[in-house]
Q: 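I have a structure here, written as structure tokens, and I will follow up with some questions on it.
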Amino acid sequence: MSPPPNILLIVSDDHRGGAIAALGEPNLQTPHLDGLISQGTCCLQNRHQGGDRLAVCTPTRAALHTGRGVHHASVDAFVEQPESISVIPADAVTLGQAFRQAGYETFFTGKWHNDFASLSRSFAAGRAVFSGGMSDHYTTPLRDFAAGFVHEDQPPYTTGRHSSEVFTDAALDFLNKTPADRPWLLCISYTAPHDPRQSPEPFASMYDPDAIPLPPNVSAQPPFDHGDLEVRDEHLAAMPRQPEEIRRHLADYYGILSHEDAQIGRLLKTLEAGHRSSRTIVAYTADHGLALGQHGLMGKQNLYEPSLRVPLILAGPGVPAGRRIDAPTQSHDLMPTLTDLAGIGIPGTATGLSLRGLMEGRVPQIRRYAFAAYRRFQRMVTDGRWKLIRIYRYNGQGSNRICLFDLRSDPYELHDLATDSASRDTLHRLAEALAAWLNEGDDPLAGVEVVNVPATKSA
């Protein structure tokens, strides 16, 4: 009987789904992520389910760790509290908790943007843990914990070194000290590539802004008010957006991503040196993506594809090599997938679906639709080709409209087909699916209708 596999879970912050060289971003250098894609399975249509507050990372991370959708991954989901963290329900079995109960050694390092109680029950120990949303990468406030107890009153410390390197060092120390005969779950959660997008040389000057082509949907301003145009992220670049400033942002984004990729290379090299690669499942994903000028937006507080799609890569024992899945998946499917692959059983509190049958080619899809939400302004449904976004006017903000895109012919979401008579049946089908999802989740927008306005070209 084969020994249980080790699990290395790597979570990035703000890494949009297509920003990997192997996935079609030729201006970006990500050799180690490219290698994982060639050695394993990549879900091309993986989307997070959004969240109920400005800091989208807190509900999306709660969903990742609980295997639950956005309506049930956090306590008091969609109660207006946009600045608070997402507290994970006490009755939700977390990823770390499931593996810990199965006898795994569990360790965490990096960004934890949820409550300390859920962290304590999930991981037996952790080092260089950052509790917060963002920080200067060289002065990130950190805490350590052991025996499942986090000292919240413990003064944080700083190292003066880049956060990606500090987190990687902590993970490597865990790997080097863990007995070879005990399975482990190691979660490393980078703060990269979140702004401030700092990286050391040679990465800081690796990309020439003038040589970076802009996607066709980069525009001077958003096509309409989607509800949250005054959030911090939208003030990171001047309005109207200027092409040279967007290129500068992209150059910095690519630089810090390449630096993170180099740290992932250090992790993979250590696994190989210790002859643990063949016994370790490596999973890579992110909490959410980022607009960076597309549709005239800069942040993640929207449901366009650059902000919604995130990488999902798995490699290791039981994972087919060189497989790319072009069917809808959701980020909270990763937790039940990892427990399924490890043979420890999917927790009954998880509502996500295991990707195992999809990866092994036994089923063509595990879900017909993917869904997402953002505060009380936006809701989304897609079947992988067609995508419907509802914009709700709330507290005097938002546009009160419906958008429909054919992602197969229009991947940049440039042409809104909501008022196109030829697409009427598709719009109604997606609207019914979205309404059912909202009702199932007791969403505050269930039953609320929007009135469409004449379609515009979303440049």
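Sequential numbering from 1 along the given sequence is applied to the chain's residues.
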Q: Is there side-chain contact between C403 and E413, with at least one heavy-atom pair below 4.5 Å?
A: no

Q: Grab the two heavy atoms, one from F203 and one from S199, that are nearest each other, plus how far apart they are.
A: C-OG, 3.7 Å

Q: Under the 3.5 angstrom rule, does the side chain of R279 hit a backbone N or O of P317 as a donor-acceptor pair?
A: no

Q: Before you tell me yes or no, could you show the steps for K300 and D233 under salt bridge (Lys or Arg N to Asp or Glu O under 4.0 Å), namely the whole-Å CA-CA distance, both residues' side-chain angles and the distance that decides it to 0.1 Å?
A: CA-CA 8 Å; K300 56 264 189 180; D233 293 28; 3.1 Å; yes

Q: Are the side chains of S120 and F145 in contact, using a 4.5 Å heavy-atom criterion?
A: no

Q: Using a 3.5 Å distance criterion without hydrogens, assess whether the side chain of D225 forms a donor-acceptor pair with backbone atoms of G398.
A: yes

Q: So how far is it from L142 CG to Y157 OH, rounded to the nearest 0.5 Å?
A: 5.0 Å

Q: Just by modelled atom types, is the P328 backbone N or O under 3.5 Å from a matching donor or acceptor in the Q365 side chain?
A: no

Q: How would you list all residue pairs meeting salt bridge (charged side-chain N to carboxylate O under 4.0 Å, His left out) that involve residues 156-165, not counting sequence neighbours?
A: R161-E165, R161-D169

Q: Give the intermediate values and the outcome of side-chain contact (heavy atoms from CB on, under 4.5 Å) for residues V93 and T66.
A: CA-CA 6 Å; V93 177; T66 61; over 6 Å; no

Q: Give me the ring orientation class for H137 and H162: parallel if the planes are under 30° apart, tilted from 30 to 60°, perpendicular past 60°.
A: parallel

Q: Taking the side chain as every heavy atom from C-beta outward, state whether V70 and F78 have any atom pair closer than 4.5 Å.
A: yes

Q: Do you see a donor-acceptor pair shorter than 3.5 Å between the side chains of Y284 and H15?
A: yes

Q: Are side-chain N/O atoms of Q198 and D136 paired as donor and acceptor at under 3.5 Å?
A: yes

Q: Could you tell me whether a side-chain N or O of Q45 sits under 3.5 Å from a main-chain N or O of A327, the two making a donor and an acceptor?
A: no

Q: Is there a donor-acceptor pair under 3.5 Å between the side chain of S399 and the backbone N or O of R401?
A: no

Q: Between the side chains of N217 and Y304, does any donor sit under 3.5 Å from an acceptor?
A: no

Q: Looking just at side-chain N and O atoms, do H71 and D442 make a donor-acceptor pair shorter than 3.5 Å?
A: no

Q: Are side-chain heavy atoms of E230 and H235 found at a separation under 4.5 Å?
A: yes

Q: Checking R100 against S122 for the side-chain contact (heavy atoms from CB on, under 4.5 Å) test, could you report, in this order, the C-alpha distance in whole Å, the side-chain angles of both residues, the deciding distance, and whether it holds?
A: CA-CA 7 Å; R100 196 173 178 183; S122 299; over 6 Å; no

Q: Of all the heavy-atom pairs spanning P5 and L341, show the shortest one and how long it is.
A: CG-O, 4.2 Å

Q: Taking T94 for the side chain and Q97 for the main chain, is one N or O donor matched with an acceptor at less than 3.5 Å?
A: yes

Q: From Q49 CD over to F371 CZ, what is the distance, rounded to the nearest 0.5 angstrom?
A: 8.0 Å

Q: On the 0 to 90° scale, with breaks at 30° and 60°, tag the W112-F108 ring pair as parallel, tilted or perpendicular.
A: perpendicular

Q: Within the 3.5 Å criterion, strictly below it, is a donor on T191 or D13 matched to an acceptor on the partner's side chain?
A: no

Q: Taking all heavy atoms of S86 and all of N114, pick out the closest pair and write down the distance.
A: O-ND2, 3.0 Å

Q: Less than 4.5 Å apart, any side-chain heavy atom of L257 and any of L28?
A: yes

Q: Indicate the atoms forming the closest heavy-atom contact of L353 with D333, along with that distance.
A: N-OD1, 2.8 Å

Q: Considering residues, nucleotides and ligands other than R408, do more than 12 of their heavy atoms fall under 6.0 Å from its CZ?
A: no

Q: Please enumerate all residues that pass side chain to side chain donor-acceptor pair (under 3.5 Å) together with T382, with sequence neighbours excluded.
A: none

Q: Is any NZ, NE, NH1 or NH2 atom of the basic residue among E305 and R47 found under 4.0 Å from an Asp or Glu carboxylate oxygen of the other?
A: yes

Q: Between H48 and S307, is there a donor-acceptor pair closer than 3.5 Å when you use the side chain of the first and the backbone of the second?
A: yes

Q: Strictly below 4.0 Å, N to O, side chains only: are R356 and D340 in salt-bridge contact?
A: yes

Q: Would K387 and D406 pass as an ion pair if we require N to O under 4.0 Å?
A: no

Q: Find out whether L9 and L334 are in side-chain contact, i.e. whether some heavy atom of one side chain is under 4.5 Å from a heavy atom of the other.
A: yes

Q: Answer with yes or no whether the side chains of Y138 and T158 bring together a donor and an acceptor at under 3.5 Å.
A: no

Q: Between the side chains of T270 and R276, does any donor sit under 3.5 Å from an acceptor?
A: no

Q: Cut-off 3.5 Å, side chains only: do Y369 and R429 have a donor facing an acceptor?
A: yes

Q: Measuring only between side-chain heavy atoms, which start at C-beta, is T41 closer than 4.5 Å to I313?
A: no

Q: Quick one, R379 with Y392, criterion side-chain contact (heavy atoms from CB on, under 4.5 Å). Give me CA distance, side-chain angles, the key distance, then yes/no.
A: CA-CA 8 Å; R379 299 295 184 266; Y392 298 81; 3.7 Å; yes

Q: Consider only side-chain N and O atoms of D287 and T60, and report whether a donor and an acceptor are under 3.5 Å apart.
A: no

Q: Whether the side chain of R16 engages the backbone of L290 through a donor-acceptor N/O pair (distance < 3.5 Å, no angle test) should be reported.
A: yes

Q: For Y254 and Q29, which I'm curious about, is there any donor-acceptor pair between the side chains at under 3.5 Å?
A: no

Q: Can you name the nearest heavy-atom pair linking E449 to N400, along with the distance?
A: O-OD1, 4.4 Å

Q: Pair I7, W184 - check side-chain contact (heavy atoms from CB on, under 4.5 Å), show working.
A: CA-CA 6 Å; I7 307 292; W184 45 261; 5.8 Å; no

Q: Looking at I10, is its backbone amide N or carbonyl O close enough to the side chain of T285 to form a donor-acceptor pair, meaning the two atoms are under 3.5 Å apart?
A: no

Q: H226 and F377: aromatic ring centres closer than 6.0 Å?
A: no

Q: The test is side-chain hydrogen bond (donor to acceptor under 3.5 Å, both in side chains); show your working for D195 and Y253 and say whether it passes.
A: CA-CA 8 Å; D195 69 279; Y253 186 71; over 6 Å; no

Q: With no hydrogens and no angle check, just 3.5 Å: does a side-chain donor-acceptor pair link S12 and E260?
A: yes

Q: What are the two closest non-hydrogen atoms of A98 and P347, and how far apart are they?
A: CB-CG, 3.9 Å

Q: Are side-chain N/O atoms of D115 and S118 paired as donor and acceptor at under 3.5 Å?
A: yes

Q: Where do D410 and R385 land on the salt bridge (Lys or Arg N to Asp or Glu O under 4.0 Å) test, with the steps shown first?
A: CA-CA 10 Å; D410 180 27; R385 174 184 175 180; over 6 Å; no

Q: Counting N and O atoms only, with roles assigned by atom type, does the side chain of D261 sit under 3.5 Å from a partner on the main chain of L33, one being a donor and the other an acceptor?
A: yes

Q: When rounded to the nearest 0.5 angstrom, what distance separates OH in Y190 from CD1 in I188?
A: 3.5 Å

Q: Should I281 and L8 count as side-chain neighbours, where that means a heavy-atom distance under 4.5 Å?
A: no

Q: Should H295 and N302 be marked as a side-chain hydrogen bond (donor to acceptor under 3.5 Å, both in side chains) after you check the CA-CA gap, both sets of side-chain angles, and the distance that decides it?
A: CA-CA 10 Å; H295 300 283; N302 64 85; over 6 Å; no

Q: Indicate the ring-plane relationship of F99 and Y104, choosing parallel, tilted or perpendicular according to the 30° and 60° boundaries.
A: perpendicular

